[in-house]
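Accompanying notes for the structure given below.
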Amino acid sequence: MDTDFLLVVGAGLILLAVPNAIKAYSEVRSPRVATGMVVAGGVMFVSALVLHPEGYRFEDIPEAVLRVISRIRSFFHA
């Protein structure tokens with residue numbers, strides 16, 4: 001699996017877990033789904049950082065997002 005894809009999907013899962021956790025806390029219940037999303041996203045994010053040959057810098061993340069989006073667009077438009 002491509003490290004850019006791992007990085008973007010992992011970051012996306014972590015970001016999507018935030019509203020889920022807020023909703024769970026507002027309904028006074030355990031944020032199990034949000035916790036699972038953070039763990040899965042964190043594993044994907046850290047795996048991408050470790051497996052990428054040169055490693056990622058903070059400046060590389062927007063470029064990785066654009067590469068993933070362009071690959072998804074080319075997949076659906078090809």
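Residues forming a side chain to side chain donor-acceptor pair (under 3.5 Å) with Arg32 (at least two apart in sequence, or on another chain): none. Under the salt bridge (charged side-chain N to carboxylate O under 4.0 Å, His left out) criterion, Arg29 pairs with Glu27, sequence neighbours left out. With sequence neighbours left out, the side-chain contact (heavy atoms from CB on, under 4.5 Å) criterion links Leu16 to Met37.
Leu15 and Phe45 fall into different hydrophobic clusters, where Ile, Leu, Val, Met, Phe, Trp and Tyr are joined by side-chain heavy atoms under 4.5 Å apart, directly or via other members. Side-chain heavy atoms closer than 4.5 Å link hydrophobic residues (I, L, V, M, F, W, Y) into clusters, and following such links, even through other members, never connects Val50 to Tyr56. Linking ILVMFWY residues whenever their side-chain heavy atoms come closer than 4.5 Å, directly or via other members, places Met44 and Val33 in the same cluster. Under a hydrophobic-cluster definition in which Ile, Leu, Val, Met, Phe, Trp and Tyr are linked whenever side-chain heavy atoms come within less than 4.5 Å, directly or via other members, Val65 and Ile72 are assigned to the same cluster. Cluster membership for Phe76 and Leu66, using ILVMFWY side-chain heavy atoms within less than 4.5 angstrom, is not shared.
Here the shortest heavy-atom pairing between Leu51 and Leu6 reads CD1-CD1, 4.5 Å. Closest approach of Leu7 to Ala64, counting heavy atoms only: CD2-CB, 4.0 Å. The two residues Pro31 and Ala21 make their nearest non-hydrogen contact at CB-CA, 4.3 Å. Here the shortest heavy-atom pairing between Ala17 and Val38 reads CB-CG2, 3.5 Å.
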Given the rule in the side chain to side chain contact (heavy atoms under 4.5 Å, CB included) test, do Arg67 and Asp2 qualify, once you have shown the distances and angles that lead to the verdict? CA-CA 11 Å; Arg67 282 192 299 267; Asp2 188 26; over 6 Å; no

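For the atom pair CD (Glu54) and CG (Asp60), the distance works out to 9.0 Å, reported to the nearest 0.5 Å. Here the CG atom belonging to Leu13 is positioned 11.0 Å from the CG atom belonging to Asn20, to the nearest 0.5 angstrom.
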